[in-house]
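Input: a single structure, listed below in structure tokens.
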Amino acid sequence: MPEPIRKAIVVGASSGIGAAIAKRLAADGAYVAVVARRDDELQRLCDEINQQAGEERAMPFVHDVRNRDELPLLFQDIARRLDGLDTIFYAAGVMPEVEPNEYSTDKDALMIEVNTIGAMAWLNEGAKRFERMGEGRLVGISSIAGDRGRRGNPAYCTSKAAMNTFLESLRNRLEVKGVSVTTIKPGFVDTVMTKGKPGLLWLISPEDAAKKIVSASLKNKNTAYVPGQWRLVGTIIRSIPSFLFKRINI
Amino acid sequence: MSDTLNEQISNIPNDHVGFITSPKWKGEVVSGISLPSDHLERVEGWGVSTSSAGYVFRPSTLEALYEVFALARRTGRSVGFRGAGRSYGDASLNSENIVLDLTRMNRILDWNPTTGIIKVESGVTIKQLWEYILPDGWWPAVVPGTMFPTIGGCASMNIHGKNNFVAGPIGDHILEFELLSPEGELFRCSREENSEIFRSAIGGFGMLGCFTSITLKTKRIWSGLLEVEAVNIPNLDAMFTCFEERLNGADYLVGWIDAFGSGKGLGRGVVHEANYLERGVDPDPAQTLRIENQQLPDTILGLLPKSILWKFMRFFTNNVGVRFVNLAKFWSSKLLDRGGTFRQSHAAFAFLLDYVPNWKKSYGKGGLIQYQSFVPKETARHVFRAQLELCQKRGFPSYLAVFKRHRADEFPMSHALDGYSLALDFKVTRKNRDKIWRLASEMNRLVLDGGGRFYFAKDSTLKPEDAREFLGDKTLADFVLLKQRLDPRGILETDLAKRLFGSK
Ligand SMILES: Cc1cc2nc3c(=O)[nH]c(=O)nc-3n(C[C@H](O)[C@H](O)[C@H](O)COP(=O)(O)OP(=O)(O)OC[C@H]3O[C@@H](n4cnc5c(N)ncnc54)[C@H](O)[C@@H]3O)c2cc1C
Ligand SMILES: NC(=O)c1ccc[n+]([C@@H]2O[C@H](COP(=O)([O-])OP(=O)(O)OC[C@H]3O[C@@H](n4cnc5c(N)ncnc54)[C@H](OP(=O)(O)O)[C@@H]3O)[C@@H](O)[C@H]2O)c1
């Protein structure tokens with residue numbers, strides 16, 4: 001019988017996968033703090049969740065993950081408002097459009113800051129607390145894009161590859177302390193991030209993705225591809241030798 | 001250490017204002033000052049089945065203690081006191097807020113071996129106390145079943161011993177105390193001075209202020225030994241009868257019940273009666289009063305080091321195992337019951353459980369809860385019979401059931417009354433938790449209908465309406481009024497207080 005999720009933070013919850021995770025958790029009875037920059041979107045999400053639950057199960061916290069200075073206080077405040085904390089989902093991420101011949105350090109830095117350093121900041125804060133408590137769950141929403149350095153968006157792939165390694169290190173540190181760390185690698189999910197993009201193989205809805213993500217987290221999986229068939233693809237892609245990979249247009 | 005604490009507290013910037021508005025703080029904006037995160041700890045109830053994260057501070061001086069209140073005011077956090085954390089449930093937890101651990105305020109301030117009056121700081125433990133006074137021929141008038149609690153924690157819960165029916169609760173032996181309110185005011189309280197605070201803070205589960213010193217009257221004894229008799233009891237009626245017959249004259253009475261006994265054997269068990277030795281009976285009081293001669297041997301049957309005993313007990317801490325162990329215990333007492341008495345040291349009789357270190361670990365990771373209810377003597381037979389039957393019917397016979405006699409006292413928040421109590425230990429697992437809580441709530445109904453009471457030191461399962469019903473609206477209203485006077489900002493809180501009297 002898995003330890004249920006009762007009190008969770010979802011970072012990057014104002015839309016897409018994060019919002020769907022928050023709804024899923026609340027529907028299962030958890031209290032969730034939802035974090036992102038867009039106030040209105042967060043408020044709408046909370047209203048929807050709370051109306052459905054008939055009680056205050058979701059609370060909004062406006063925050064830009066690049067403002068790391070405000071994190072310790074915000075984190076403490078969230079734990080107090082939730083009256084405890086057992087799980088953190090880090091789903092914040094950006095993937096700006098990058099032309100095939102574009103080399104923009106600004107865009108690259110933004111992706112690293114939000115997708116990677118933001119994740120480190122939140123998960124570190126969680127790691128500190130959970131290590132001391134001897135329990136808790138950390139879940140990072142990475143991507144299949146991190147499995148290989150593809151030509152499309154170098155920094156996005158890098159940000160997710162870095163996240164994967166970071167999560168793996170955390171897992172190796174924390175599992176012995178009773179804390180589980182799960183890496184989620186979604187394929188294509190139907191959100192604003194993928195809107196209008198060509199070739200969306202096995203596209204699933206954010207709700208479907210959220211269901212699978214929460215279920216993998218409850219099982220304390222190390223790594224979960226979402227949906228599961230991407231594991232095979234990931235394994236193949238990772239084993240293609242470079243001289244061939246260079247020639248494949250993916 | 002107190003310097004470091006003071007330093008830490010004064011190093012927290014005053015101007016770092018954030019975004020906190022908490023409904024708990026009556027809508028006022030609380031300044032966004034964070035608490036030092038290195039103070040965050042997992043804080044558990046003694047039964048392990050309840051825990052939460054708290055910012056723990058361990059002051060060793062009055063000034064440092066006062067500083068913690070100041071910190072609470074500045075950060076908009078509440079403060080919950082914690083003694084030795086021997087309450088089974090959430091009484092000394094304070095989730096996401098300040099936990100003020102008083103175990104380092106543990107100085108014995110004054111001792112008079114002629115009068116037996118002792119003045120201690122609130123973090124002094126029962127162990128410290130008895131070991132200090134025993135060689136002078138004194139024993140604490142009231143002790144719980146374990147020696148590790150602090151005097152402050154015991155006063156806050158107004159604890160009882162196996163002599164409650166003659167000696168009353170610990171409060172009956174407190175002559176005076178000093179209480180620091182969270183506003184920084186120090187009250188000296190006795191039956192003459194600030195008597196309302198005196199009667200309400202004893203048993204007031206840490207809601208009115210912090211005991212900083214407590215003056216107790218202890219009990220003269222003429223030997224380090226007690227005269228003990230074990231009586232085999234075939235059923236619940238016999239248990240009650242045995243107590244009734246022995247109430248007049250006994251110094252201590254306690255019943256152990258095999259909760260697996262059913263049908264005609266429902267409520268079977270063993271009663272232990274113990275009596276002080278009169279002056280002159282013990283030929284060697286100076287020897288029996290030595291601390292060394294109070295201890296139990298380090299090994300059980302000369303074989304098993306007791307420090308690892310819990311590992312073996314683990315295999316028996318399930319329905320089959322306990323049934324078997326209880327049967328063995330019951331029958332051996334029956335076979336050995338020849339009506340004689342034997343002598344046992346005070347510590348061995350009072351603190352038997354302490355001699356199996358970590359026994360609670362045998363309950364596994366989910367820990368245990370204790371369910372103890374107090375029922376008037378007129379309805380107790382019916383209520384406890386029904387409780388024992390209900391536990392069996394629901395498939396959760398208690399693994400340890402203890403039966404005691406009590407008397408009413410002068411403290412309004414007290415748990416005791418003129419009647420009996422039954423304490424039932426239940427193993428908690430993730431799977432059975434909801435069922436155990438449901439069983440407890442069924443048993444609550446029986447207790448309340450029988451005019452009974454509950455005990456916050458043991459509680460994990462009560463709901464606000466249960467607490468209200470047993471305390472009564474008048475008592476509760478008076479208590480709340482007094483709390484508003486001493487703690488107008490509502491700084492003192494614990495998880496138990498939030499669960500039973502919270503604003504949610
Ligand atoms: C094995 C075992 C056997 C027991 N047997 C008995 C028994 O026979 N009879 C009995 O009555 N109880 C018994 N108890 C319960 C125990 O005596 C009480 O829970 C007691 O309150 C524990 O004291 P503590 O120092 O651990 O306090 P804690 O459990 O830490 O705190 C208890 C309460 O006191 C408050 N508090 C602590 N210090 C102060 C202070 N300085 N000022 C103001 N408030 C304070 C806390 O906020 C809390 O509300 C037993 C417990 C165990 C584990
Ligand atoms: N969609 C897919 O196919 C897919 C596939 C694999 C992985 N992923 C990953 O899944 C995660 C969620 O993406 P999504 O598809 O759900 O996209 P999305 O709808 O755009 O969600 C991104 C979330 O991140 C938040 N965010 C972005 N920048 C932030 C910042 N600086 N501070 C705080 N929050 C910030 C956004 O909120 P605000 O804008 O309000 O701040 C939003 O809530 C991302 O990490 C993404 O990389 C997505």
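Each chain gets a letter, A, B and so on, in the order its sequence line appears, and its residues count up from 1.
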### Task
Please name all residues satisfying ring-ring contact (aromatic ring centres under 6.0 Å, His included) with B/F205, sequence neighbours left out, ordered by chain then number.
B/F456, B/F479, B/F501

### Query
Which residues satisfy the side-chain contact (heavy atoms from CB on, under 4.5 Å) test with B/N432, sequence neighbours excluded?
B/F396, B/V428, B/T429, B/I436

### Query
Highest number of heavy-atom pairs under 4.5 Å with chain B: which of A/G84, A/P72, A/P4?
A/G84

### Query
So, does A/R57 use its side chain to make a donor-acceptor pair with the main chain of A/A26 at under 3.5 Å?
yes

### Summary
Note: B/R42 and A/R132 closest approach over all heavy atoms is CB-O, 4.2 Å

#### Entry: chain A-proximal positions within residues 44-54 of chain B [heavy-atom distance under 4.5 Å]
B/S52, B/A53

### Task
State which residues pass side-chain contact (heavy atoms from CB on, under 4.5 Å) with A/T116; sequence neighbours excluded, sorted by chain then number.
A/I112, A/M120, A/S159, A/A162

### Task
Give a yes or no on this: more than 12 heavy atoms of other residues, nucleotides or ligands lie within 6.0 Å of atom CZ of B/R430.
yes

